[in-house]
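Remarks on the structure that follows.
Everything numeric here is computed off the predicted structure, so don't read it as measured data.
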Amino acid sequence: MRRPATVLGALAVTAVLAVAVPSSAHAANGYLLIDGTRHDNPSGCYQLPQDAEVENHTDQPAEVYSDDNCQGQVMETIPAGGSSFTDWGYSLRID
């Protein structure tokens, strides 16, 4: 009779840990404004329109890349709380 109780106890602990441990997905807290379009808790790569105005109202820096899909060179880093008018970047990454 002890074995079923031990197995059930182990399953209960596993279930509690699965709920208590946060997932590994990351997102910046706050929002980005890209030419007036708001992106809440942004994460990943965003395409930039030509001559984009970017406001970084998050807790993470955002990197502006020279090519689409966050490829190429990092042309600029917009710090948390910062803003930029970028006419040389094609995409932006924030994590």
Side-chain angles (χ1 to χ4, degrees):
M1 284 296 184
R2 285 186 183 257
R3 180 163 252 192
T6 303
V7 171
L8 288 176
L11 288 174
V13 169
T14 302
V16 168
L17 287 176
V19 172
V21 175
S23 68
S24 62
H26 298 281
N29 293 313
Y31 64 94
L32 276 178
L33 281 178
I34 301 175
D35 274 352
T37 300
R38 183 176 170 137
H39 302 274
D40 291 319
N41 299 321
S43 179
C45 186
Y46 296 83
Q47 296 308 116
L48 294 176
Q50 187 175 6
D51 300 330
E53 181 178 2
V54 178
E55 294 180 27
N56 183 1
H57 297 276
T58 73
D59 59 353
Q60 299 294 319
E63 296 179 324
V64 177
Y65 285 83
S66 60
D67 297 324
D68 290 334
N69 301 316
C70 296
Q71 301 292 314
Q73 295 181 343
V74 174
M75 302 300 289
E76 177 181 10
T77 299
I78 304 170
S83 63
S84 179
F85 181 80
T86 179
D87 58 353
W88 55 82
Y90 289 95
S91 56
L92 176 144
R93 174 170 296 285
I94 190 163
D95 293 316

Minimum-distance pair of heavy atoms, taken over all atoms of I34 and P49:
CG2-CD, 3.9 Å
Above 12 or not: heavy atoms from other molecules or residues under 6.0 Å from OH of Y65?
yes
In this structure, CE of M75 is separated from OH of Y90 (nearest 0.5 Å) by 9.5 Å
Taking only residues two or more places apart in sequence or in another chain, which ones pass side-chain hydrogen bond (donor to acceptor under 3.5 Å, both in side chains) with E55?
H57
Donor-acceptor side-chain pairing of Q60 and D95 below 3.5 angstrom:
no
Those residues at least two apart in sequence (or on a different chain) that pass side-chain hydrogen bond (donor to acceptor under 3.5 Å, both in side chains) with E53 are none
List the steps, then state whether side-chain contact (heavy atoms from CB on, under 4.5 Å) holds for N29 with T58.
CA-CA 5 Å; N29 293 313; T58 73; over 6 Å; no
Donor-acceptor pairs under 3.5 Å, side chain of residues 78-88 to any protein atom, not counting sequence neighbours: which ones?
residue: S84; atom: OG; partner: E76; partner atom: OE1; Å: 3.0
residue: S84; atom: OG; partner: E76; partner atom: OE2; Å: 2.7
residue: T86; atom: OG1; partner: G89; partner atom: N; Å: 3.4

In short, R38 meets Y31 closest at the heavy-atom pair NH2-CD2, 3.4 Å
Nearest-0.5 Å distance that lies between atom CG in L92 and atom SG in C70:
6.5 Å
Please check this pair: side chain of S66 against backbone of G72, looking for a donor-acceptor N/O pair closer than 3.5 Å.
no
Do V64 and V54 have side chains that get closer than 4.5 Å, going by heavy atoms?
no
Within-4.5 Å side-chain heavy-atom neighbours: Q47 and N69
yes
Please answer whether the main-chain N or O of G30 pairs with a side-chain N or O of N41 as donor and acceptor at a distance below 3.5 Å.
yes
Please report the shortest heavy-atom distance between D67 and S91, naming the atom on each side.
O-OG, 2.5 Å
